[in-house]
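The next block holds one structure in the form of structure tokens; read it before the comments.
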Amino acid sequence: MTDHPNWTSLIEDEVQPWETLESRQLVSGFRTVFEDRVRLPNGAETTYQYRPRGPRAVFVLPVTAQGEAVLIRQYRYPLRATVTEVVAGGVERGEDLLAAARRELHEEVGGVAAEWVSLPGFYPQPSISGVIFYPFLALGVTLGDMHHEDTETIERVVVPLAEAYRRLDAGEILDGSSSLTLWHARAVLAGRGLL
């Protein structure tokens, strides 16, 4: 498995059109938030609140040898709702992306993959966040015991690939990052005769 070719393009531009005049940290900790006073190219000044570039997360679409997608249903407190997603989680400081994907697959659905395929990375909320998401397709997944964190409420959902994509196409998978991961995986799965 190699990195996806677009991953190297997920970097800052060499020339920045906005000039940072002042920066202050509003929130520290896991989800740092800054407020900057900036000058735009037209000379106008404004303030901008954002999460800085740096945090990363991995997203994994697990597919069993039997051609089943392994999704999760997870309660999301900000929504006060349970939503269908692919496996996902944050990348720990200094952790390799593939190692993070393997860890999350094992923790969330008890999975181990025979093969990994990198998918195009993306910015999930570029207007307010510098977070970068790195999706993977995990193939030949075998399932075992799940190892959830104390704060997770997760149900493992195993469905035929065709059903997973029916749900995607019907708008039943409401998590945008999971939807984009499924969308990018579709061509690979079709190319291998799995869809």
Worksheet item: Which heavy-atom pair separates L61 from L137 by the least distance, and what is that distance?
Response: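 Here L61 and L137 meet closest at O-CD1, 3.4 Å.
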Discussion item. Looking at every non-hydrogen atom in both residues, tell me the closest pair between P124 and V131 and how far apart they are.
Written reply: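 It is CD-O, 3.2 Å.
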For [X], which residues count as a side chain to side chain contact (heavy atoms under 4.5 Å, CB included) partner, sequence neighbours excluded?
{"X": "P160", "answer": "E163"}
{"X": "E85", "answer": "I72, Q74, R76, V83, D175, S178"}
{"X": "A114", "answer": "none"}
{"X": "E95", "answer": "V91, E92, A99, A100, R103"}

Item to complete: Check side chain to side chain donor-acceptor pair (under 3.5 Å) between R93 and all other residues, then give those that pass, not counting sequence neighbours.
Response: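 Testing R93 for side chain to side chain donor-acceptor pair (under 3.5 Å), a comparison that skips the adjacent residues, returns none.
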Item to complete: Tell me, please, which residues at least two apart from R186 pass side chain to side chain donor-acceptor pair (under 3.5 Å).
Response: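 Partners of R186 by the side chain to side chain donor-acceptor pair (under 3.5 Å) criterion, ordered by chain and then number, come out as D169.
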Discussion item. Applying salt bridge (charged side-chain N to carboxylate O under 4.0 Å, His left out) as the test, list every pair that has at least one member in residues 110-121; sequence neighbours left out.
Written reply: E115-R192
Item to complete: Could you name each residue pair satisfying salt bridge (charged side-chain N to carboxylate O under 4.0 Å, His left out) that touches residues 62-75, not counting sequence neighbours?
Response: none
Item to complete: Run through the side-chain heavy atoms of Ile, Leu, Val, Met, Phe, Trp and Tyr, join any pair under 4.5 Å, and report what else lands in V38's cluster.
Response: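 Noted: V38 shares its cluster with W18, F34, L40, Y48, Y50.
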Fill in: Under 4.5 Å side-chain linkage, directly or through intermediates, the cluster mates of Y75
Y77
Discussion item. Show every side chain to side chain donor-acceptor pair (under 3.5 Å) that has at least one partner inside residues 122-143, sequence neighbours left out.
Written reply: R53-Y123
Discussion item. Test of understanding: with ring-ring contact (aromatic ring centres under 6.0 Å, His included), list the residues that count as partners of H147, not counting sequence neighbours.
Written reply: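 So H147 forms a ring-ring contact (aromatic ring centres under 6.0 Å, His included) with H106.
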